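Here the structure is laid out as structure tokens; the discussion comes afterwards.
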Amino acid sequence: MKKQLICLIGPTSVGKTEHAINLAKELNTEILSCDSRQIYKEMRIGTAVPEPSQLESVKHHFIATESIHNYYSVYQFELDALQKSAELFKKYDKLVLTGGSGLYLNALIYGMDDIPDPDPEIRRNLEIRLQKEGLESLRFDLKRLDPEYYAEVDLRNPKRVMRGLEVCLTTGQTFSHYRNRSARERPFAHKIICLDRERSSLHSRINKRVDLMVEAGLIEEVKSLFPHRHLNALKTVGYRELFEAFDGKLSIEEAIELIKRNTRRYARRQITWNKRYKKAQWFDAAEADNLIALTKDYLNQE
RNA sequence: GGGGAGAUACCAAAGUGGCCAACUGGGGCAGACUGUAACUCUGCUGGCGUAUGCCUUCGGAGGUUCGAAUCCUCCUCUCCCCA
């Protein structure tokens, strides 16, 4: 029997953590997290890392394992998760994967193209150029250096334009040359389960969770990270808004409201992303009682 | 009791005779996205499955006009000031 990775995904606050733990217990296995922010050990409250008791009840991987001060990316995650899963599959037939970062999930189940790391110097220069010369100028270069990618990218999206350019500039090859986007063979099968729930219910859970984070000390956590606000890891819902409040641009109350709003938006983007998995099985997370049964049925279908 | 201001779509708020189904912002919805991805970007938001099309809107009821959210009359409600 082929090893199986059971991917439990869904928007933030939908109830993934709890369900994943129940499922992992039921299957007697461990959990891999695919979350680009819970992986940072400095950001616990604002990223809703599982409770210590939850982390104890089932072994979790890739939670609070990296530092915001180190460079980390999807590609890194692909390598780490591949290695970890291979190790765990020696012991288990099934593993549970859960988390909110769609691209991280893709990296593990389909793989990322092998593209050299960008030269940090080049990346920095591009950022400066964007500031000074504007997007137009970067587009101009991209058109010249990689017309193929130029024809595909969203030209209004500075991040994507810069990404193409930085690869061209550091490697001397076109970005398109590296970007095959073909799925890799994996030594395990995967099943995707998408959790969702009525929008109003999701929103009230988000609001409540943000309030709980504040009670749990979110403001202090963010304050302690204030000196590092420029780091990429801290460009995150829940942190960014409070940084603005510390700057005096917002009141704390306004920042909290904004966190709620931005979390709702984030959740919506996650749902949109999840719709790309055409073979995924969708469940309503509100049916907590029989979710495990439904899931087991689904897994047994084959 | 007297004087003044105002009622616009889910909310806030422009518009003060035709270019208005109605600026803009918020909220909401939808979408894109292979190395910063909780990032970044895009579209829609009165109804009619699509529409250079039709229908119903700008507190209510009438009226003026070829034509009104915009002008007039009355009514209802809200707010502010004086008593």
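So that the names make sense, note that chain A is the first sequence line, chain B the second, and so on, each numbered from 1. Bear in mind that the values here come from a model prediction, so they are computed numbers and not experimental data.
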Contact residues, residues 121-139 of chain A to RNA chain B [heavy atom, < 4.0 Å]: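 Nucleic-acid contacts, sorted: A:Arg123, A:Glu127.
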
Considering only heavy atoms, which members of residues 220-231 of chain A lie under 4.0 Å from some atom of RNA chain B?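 Under 4.0 Å from RNA chain B: no residue of residues 220-231 of chain A.
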
Could you tell me which residues satisfy salt bridge (charged side-chain N to carboxylate O under 4.0 Å, His left out) with [X], sequence neighbours excluded, listed by chain and number?
| X | value |
| --- | --- |
| A:Glu133 | A:Arg129 |
| A:Arg276 | none |
| A:Arg37 | none |
| A:Glu185 | none |

Using whole Å, report how far [atom1] of [X] lies from [atom2] of [N].
| X | N | atom1 | atom2 | value |
| --- | --- | --- | --- | --- |
| A:Lys159 | B:A37 | NZ | P | 9 Å |
| A:Tyr40 | B:A37 | OH | C1' | 11 Å |
| A:Arg265 | B:A32 | CZ | P | 18 Å |
| A:Arg276 | B:A37 | CZ | P | 15 Å |
| A:Tyr71 | B:G35 | OH | P | 9 Å |
| A:Tyr110 | B:A37 | OH | P | 20 Å |

Residues 278-286 of chain A side chain polar contacts: donor-acceptor under 3.5 Å, at least two apart:
residue, atom, partner, partner atom, Å
A:Lys278, NZ, A:Lys275, O, 3.2
A:Asp284, OD1, A:Ala286, N, 2.9

Name the residue from A:Arg123, A:Met162, A:Arg124 that meets the side chain to side chain contact (heavy atoms under 4.5 Å, CB included) definition with A:Pro118.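 Among the candidates, only A:Arg123 passes.
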
Pairing of A:Asp141 and A:Arg144 as salt bridge, 4.0 angstrom limit: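 Yes, this pair counts.
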
Could you tabulate the donor-acceptor pairs under 3.5 Å formed by side-chain atoms of residues 48-58 of chain A, not counting sequence neighbours?
residue, atom, partner, partner atom, Å
A:Gln54, OE1, A:Glu51, N, 2.8
A:Ser57, OG, A:Gln54, O, 2.8

List for me each residue that meets ring-ring contact (aromatic ring centres under 6.0 Å, His included) alongside A:Tyr150, sequence neighbours excluded, and say none if there are none.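 In terms of ring-ring contact (aromatic ring centres under 6.0 Å, His included), with neighbours along the sequence ignored, A:Tyr150 is linked to no residue.
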
In whole angstrom, give me the gap between the [atom1] atoms of [N] and [M].
| N | M | atom1 | result |
| --- | --- | --- | --- |
| B:A14 | B:C29 | C1' | 24 Å |
| B:C55 | B:G1 | C1' | 48 Å |
| B:C54 | B:G49 | C1' | 15 Å |
| B:G17 | B:U64 | C1' | 11 Å |
| B:C44 | B:C39 | P | 23 Å |
| B:G67 | B:G6 | P | 28 Å |

Classify the ring geometry between A:Phe188 and A:Phe89 as parallel (under 30°), tilted (30 to 60°) or perpendicular (over 60°).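 Aromatic pair A:Phe188/A:Phe89 classed tilted.
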
Phosphate-side-chain proximity, [X] and [N], N/O vs OP1/OP2 below 4.0 Å:
| X | N | result |
| --- | --- | --- |
| A:Arg163 | B:G35 | yes |
| A:Arg240 | B:U40 | yes |
| A:Asn232 | B:A37 | yes |
| A:Arg37 | B:A37 | yes |
| A:Tyr72 | B:G35 | no |

Is the shortest heavy-atom distance from the side chain of A:Glu166 to the side chain of A:Phe175 under 4.5 Å?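 A:Glu166 vs A:Phe175: side chains apart.
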
Hydrophobic clustering (ILVMFWY, side-chain heavy atoms < 4.5 Å, transitive) - are A:Leu95 and A:Tyr277 grouped together?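 Same hydrophobic cluster.
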
ring-ring contact (aromatic ring centres under 6.0 Å, His included) partners of residues 195-241 of chain A, not counting sequence neighbours, each pair once: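 Applying ring-ring contact (aromatic ring centres under 6.0 Å, His included) to every pair that reaches into residues 195-241 of chain A, excluding sequence neighbours, yields A:His69-A:His228, A:Phe226-A:Phe243, A:Phe226-A:Phe246.
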
Atom pair CZ/CG of A:Arg139 and A:Leu155 - distance to nearest 0.5 Å: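 Reported to 0.5 Å precision, the distance equals 5.5 Å.
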
Might you list the N or O atoms of the protein lying below 3.5 Å from N or O atoms in nucleotides 29-31 of chain B, with each pair's distance?
residue, atom, partner, partner atom, Å
B:C29, OP1, A:Arg199, NH1, 3.1
B:C29, OP2, A:Arg268, NE, 3.0
B:A30, OP2, A:Arg199, NH1, 3.0
B:A30, OP2, A:Arg199, NH2, 3.4
B:A30, N7, A:Arg268, NH1, 3.2
B:G31, OP2, A:Lys275, NZ, 2.7

Let me check I have this right: for RNA chain B, each base becomes ., (, ), [, ] or |, based on Watson-Crick or G-U pairs with both distances under 3.5 Å. What is the full string? ((((((((.[[[..)..(.....]]]((((((.......))))))(((....)))...[[[[[..)....]]]]]))))))).

